[in-house]
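The first residue in the sequence is number 1, and the count goes up from there.
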Amino acid sequence: MRRTAILTSTVAVLATLALGTGPAGAASDGTAGAAGTRAGVAAATPGCTTFRFWRGEGRTEGEICDGHATGWVRDDKADGRCPFTRFYSLWDDRTVDGPQIGPKGAVRYFTVYPPRGQVFARYASIEWRSC
């Protein structure tokens, strides 16, 4: 019974994020560990979902639309870790990574496209790599 409730809740949350119908102004603090945190924020532009994530290594903000994602990523810490934004395909387990950034204080704007024949799910995460 407990597994069914957890699965149902997870499906409901993912459907809400995929449809961009989450609560207005929702955001993630991105501090849930090395794997980053996924979350969606209510759409600001029709057909798009905004995202805002931060963690010790850096910050990223932007929009995920049907055919692309745009935004920026910034490195906030001189720690040898370069933050980047990860986007998830709606139909399979593929991911597309935005550009990584470093050193501390550097900012990079980006536009990222999903794999051919795919669209992005309405969530992203901030991750890091050694640089």
Side-chain angles (χ1 to χ4, degrees):
M1 179 70 172
R2 186 167 188 254
R3 286 184 184 179
T4 303
I6 292 170
L7 179 59
T8 302
S9 297
T10 303
V11 169
V13 169
L14 291 175
T16 298
L17 295 176
L19 297 173
T21 58
S28 168
D29 68 4
T31 59
T37 302
R38 292 190 235 182
V41 181
T45 304
C48 298
T49 301
T50 60
F51 61 88
R52 236 175 254 117
F53 301 102
W54 58 93
R55 59 185 298 149
E57 295 81 19
R59 177 181 197 95
T60 186
E61 293 187 24
E63 287 189 328
I64 302 170
C65 301
D66 291 333
H68 65 284
T70 58
W72 56 267
V73 61
R74 181 180 69 211
D75 190 343
D76 288 338
K77 198 172 187 182
D79 58 0
R81 297 178 174 178
C82 289
F84 64 94
T85 311
R86 177 165 286 164
F87 300 94
Y88 301 84
S89 173
L90 183 60
W91 309 118
D92 58 25
D93 291 331
R94 291 192 218 182
T95 60
V96 176
D97 294 341
Q100 69 182 37
I101 191 70
K104 179 182 177 182
V107 176
R108 185 156 181 195
Y109 292 85
F110 60 82
T111 299
V112 178
Y113 297 91
R116 179 172 234 164
Q118 301 285 322
V119 295
F120 285 135
R122 298 292 182 179
Y123 55 86
S125 63
I126 186 167
E127 310 288 340
W128 63 267
R129 289 187 190 100
S130 294
C131 56

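Nearest heavy-atom pair, Ala124 versus Phe53, reported as atom, atom and distance to 0.1 Å: O-CZ, 3.1 Å. The two atoms that bring Val107 and Ile101 nearest to each other are C-CD1, 3.9 Å, heavy atoms only. Residues Pro114 and Gly67 come closest through the heavy atom pair CD-O, 3.3 Å. Nearest heavy-atom pair, Val73 versus Pro83, reported as atom, atom and distance to 0.1 Å: CG2-O, 3.9 Å.
Here the side chain of Ser89 pairs no donor or acceptor atom with the backbone of Phe120 at under 3.5 angstrom.
Taking OG1 of Thr111 as the start and NE2 of His68 as the end, the distance is 6.5 Å to the nearest 0.5 Å. To the nearest 0.5 Å, the span separating CD1 on Ile126 from CD on Glu61 amounts to 10.0 Å.
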Practice prompt. For side chain to side chain contact (heavy atoms under 4.5 Å, CB included), just list the numbers for Asp76 and Arg59, CA-CA rounded to whole Å, side-chain angles, deciding distance to a tenth of an Å, and then say yes or no.
Written response: CA-CA 7 Å; Asp76 288 338; Arg59 177 181 197 95; 3.9 Å; yes
Worksheet entry | Stepwise side chain to side chain contact (heavy atoms under 4.5 Å, CB included) test for Cys131 and Arg81 | CA-CA 6 Å; Cys131 56; Arg81 297 178 174 178; 5.8 Å; no
Worksheet item: Hey, mind stepping through Tyr88 and Ser125 against side-chain hydrogen bond (donor to acceptor under 3.5 Å, both in side chains) and telling me if it holds?
Response: CA-CA 9 Å; Tyr88 301 84; Ser125 63; 2.8 Å; yes
Item to complete: Report the C-alpha distance between Val112 and Phe87 in whole Å, list the side-chain angles of each, state the deciding distance to 0.1 Å, and finish with yes or no for side chain to side chain contact (heavy atoms under 4.5 Å, CB included).
Response: CA-CA 9 Å; Val112 178; Phe87 300 94; 4.2 Å; yes
Worksheet item: Step by step, would you call Val119 with Trp91 a side chain to side chain contact (heavy atoms under 4.5 Å, CB included)?
Response: CA-CA 8 Å; Val119 295; Trp91 309 118; 3.5 Å; yes
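Salt bridge annotation for Lys77-Glu57: absent, with no cationic side-chain nitrogen under 4.0 angstrom from a carboxylate oxygen. A salt bridge is defined here as a Lys NZ or Arg NE, NH1 or NH2 lying under 4.0 Å from an Asp or Glu carboxylate O, and Arg129 with Glu127 fails to meet this definition. With salt bridges taken as basic N to acidic carboxylate O contacts below 4.0 Å, none links Lys104 and Asp75.
Open room surrounds CZ on Arg108; 12 or fewer heavy atoms of other groups in view lie less than 6.0 Å from it.
Arg94 pairs by the side chain to side chain donor-acceptor pair (under 3.5 Å) definition with Asp92, not counting sequence neighbours.
Between Phe110 and Phe51, the two ring planes are parallel [angle under 30°; tilted spans 30° to 60°].
Thr50 and Glu63 share no side-chain donor-acceptor pair at under 3.5 Å. Tyr123 and Thr49 share no side-chain donor-acceptor pair at under 3.5 Å.
Phe84 and Trp54 fall into different hydrophobic clusters, where Ile, Leu, Val, Met, Phe, Trp and Tyr are joined by side-chain heavy atoms under 4.5 Å apart, directly or via other members.
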